[in-house]
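The next block holds one structure in the form of structure tokens; read it before the comments.
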Amino acid sequence: MTASYPKHSDKTAIRDAATVIVLRDRMTEPRVLMGQRGARAAFMPNKFVFPGGAVDAGDADIPLARPMPDGCAARLRDDSETDRSHALAAAAIRELWEETGQVLGQPGDWTGAPPEDWHSFAATGHLPDASALQFVFRAITPPGRPRRFDARFFLVDATALASDPDDFSPACDELSHLQWVPLATARHDYDLPFITEVVLAEIEARAHDPAPPASVPFFRNDDESNLFKRLYGARLPD
């Protein structure tokens, strides 16, 4: 079943979201791409974060040059009522482009006009490519926050980028101070959200392993309880 993503007017409703952790020089001195949210941002103001954001209504229909690997897609389906893997992969690529100007794609022409929020990506001459995305973490924002997201975190090696990893000029202004942060010192030298610290520890532990994880940590903050579990993968029904 394909997920539907209507426009949300309730800012406290839990929205699907995709976050991208771009890892550079992973075998020598690993660094991750991060930026700082604005002081007036409703969600996590002033914090250093990975690029990412909510899934848009049209992301489920975006053509992908190559899909996400089957194992990662299966783990995305675990503990989910619908198959959101395609839309989440597209959202991850779109948010990475919008917030950092980095292209995760393959050269190609779009068939038909792309949605408005994909115009600038399509103008680079690329189709989004999800084949390098590794699903590595999932967390739901705790109750009581001004925004709540069901966030899936995707790891991608910087060698998969089709753009200059040091050129952030096409980025929007949502994140400032875009930079490659040393993985070894990020948790000590930057003002980070708690969940970002947790994810960084997970990435640091597996930085030298290029294979996707066999299971994915999931922090499920429900109204009744906080639950930690692991996602191993779910098959589509026959």
Side-chain angles (χ1 to χ4, degrees), residues 11-26 28-55 88 91-102 104 133-158 161 163 165-208 213 216-221 226-228:
K11 299 300 184 182
T12 63
I14 299 176
R15 296 191 62 186
D16 287 316
T19 298
V20 187
I21 308 154
V22 188
L23 186 59
R24 189 175 187 181
D25 304 323
R26 66 188 307 161
T28 52
E29 297 180 1
R31 293 175 288 163
V32 290
L33 181 55
M34 304 188 77
Q36 187 176 28
R37 292 184 59 81
R40 297 184 179 181
F43 189 70
M44 297 182 177
N46 294 314
K47 298 290 188 180
F48 271 84
V49 296
F50 308 116
V55 173
L88 285 160
I93 296 168
R94 176 180 50 75
E95 289 288 341
L96 178 66
W97 162 251
E98 291 175 355
E99 295 188 352
T100 72
Q102 296 299 314
L104 191 59
L133 292 173
Q134 294 183 358
F135 176 40
V136 294
F137 206 92
R138 180 179 176 185
I140 297 178
T141 310
R145 304 296 173 86
R147 301 284 190 276
R148 294 192 70 192
F149 297 99
D150 187 348
R152 283 75 159 191
F153 294 76
F154 297 95
L155 179 67
V156 64
D157 197 286
L161 298 173
S163 48
D166 294 310
D167 181 10
F168 306 127
S169 59
C172 69
D173 59 0
E174 188 164 343
L175 295 181
S176 61
H177 303 101
L178 286 164
Q179 57 191 281
W180 292 97
V181 175
L183 187 56
T185 60
R187 287 182 289 153
H188 309 290
D189 295 347
Y190 293 83
D191 185 10
L192 307 174
F194 167 73
I195 197 62
T196 303
E197 294 187 27
V198 175
V199 174
L200 278 170
E202 187 80 12
I203 297 304
E204 189 173 4
R206 58 174 300 102
H208 299 303
V216 174
F218 178 18
F219 280 93
R220 181 167 185 161
N221 292 294
N226 299 328
L227 175 67
F228 172 79

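Numbering of residues begins at 1 and proceeds along the displayed sequence.
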Look only at the side chain of T141 and the backbone of F149, and say whether a donor-acceptor pair between them is shorter than 3.5 Å. yes
Should the ring pair F228 and F219 be called parallel, tilted or perpendicular, given that the plane angle runs from 0 to 90° and is split at 30 and 60? tilted
Please state whether the rings of H177 and F48 are parallel, tilted or perpendicular, taking 30° and 60° as the class boundaries. tilted
Min side-chain heavy-atom separation F153-V216 under 4.5 Å: no
Could you report the tightest heavy-atom contact between A186 and L192, atom names first, then the distance? O-CD1, 3.4 Å
Closest heavy-atom pair and its distance - A201, R187: CB-NH1, 3.7 Å
Ignoring hydrogens and angles, tell me if any N or O in the side chain of R220 forms a donor-acceptor pair with the backbone of I140 under 3.5 Å. no
How far apart are the closest heavy atoms of I203 and V136, and which atoms are they? CD1-CG2, 4.0 Å
Does the E99 side chain pair with the main chain of G52, one donor and one acceptor, at a distance under 3.5 Å? yes
Before you tell me yes or no, could you show the steps for L161 and L96 under side-chain contact (heavy atoms from CB on, under 4.5 Å), namely the whole-Å CA-CA distance, both residues' side-chain angles and the distance that decides it to 0.1 Å? CA-CA 10 Å; L161 298 173; L96 178 66; 4.1 Å; yes
Taking C-beta and beyond as the side chain, do V22 and W180 meet within less than 4.5 Å on heavy atoms? yes
Counting N and O atoms only, with roles assigned by atom type, does the side chain of Q102 sit under 3.5 Å from a partner on the main chain of D167, one being a donor and the other an acceptor? yes
Could you check whether any side-chain N or O of R26 sits under 3.5 Å from a backbone N or O of A207, counting only pairs where one atom can act as donor and the other as acceptor? yes
With a 6.0 Å cut-off (strictly less than), is the heavy-atom count around CD of E29, excluding the residue itself, greater than 12? no
Can you tell me how far the CZ atom of F218 sits from the CG atom of L227, to the nearest 0.5 Å? 7.5 Å
Tightest non-hydrogen contact, residues G35 and L178, listed as CA-CD2, 4.0 Å
Nearest non-hydrogen partners of P165 and R24, listed with the distance: CG-NH2, 3.8 Å
When you measure from the side chain of R147 to the backbone N and O of R145, does any donor-acceptor pair fall under 3.5 Å? no
With a 3.5 Å distance limit and no angle check, can you tell me whether E174 reaches the backbone of C172 through a side-chain donor-acceptor pair? no
Taking every non-hydrogen atom, the tightest pair across F135 and R138: CZ-CB, 3.9 Å
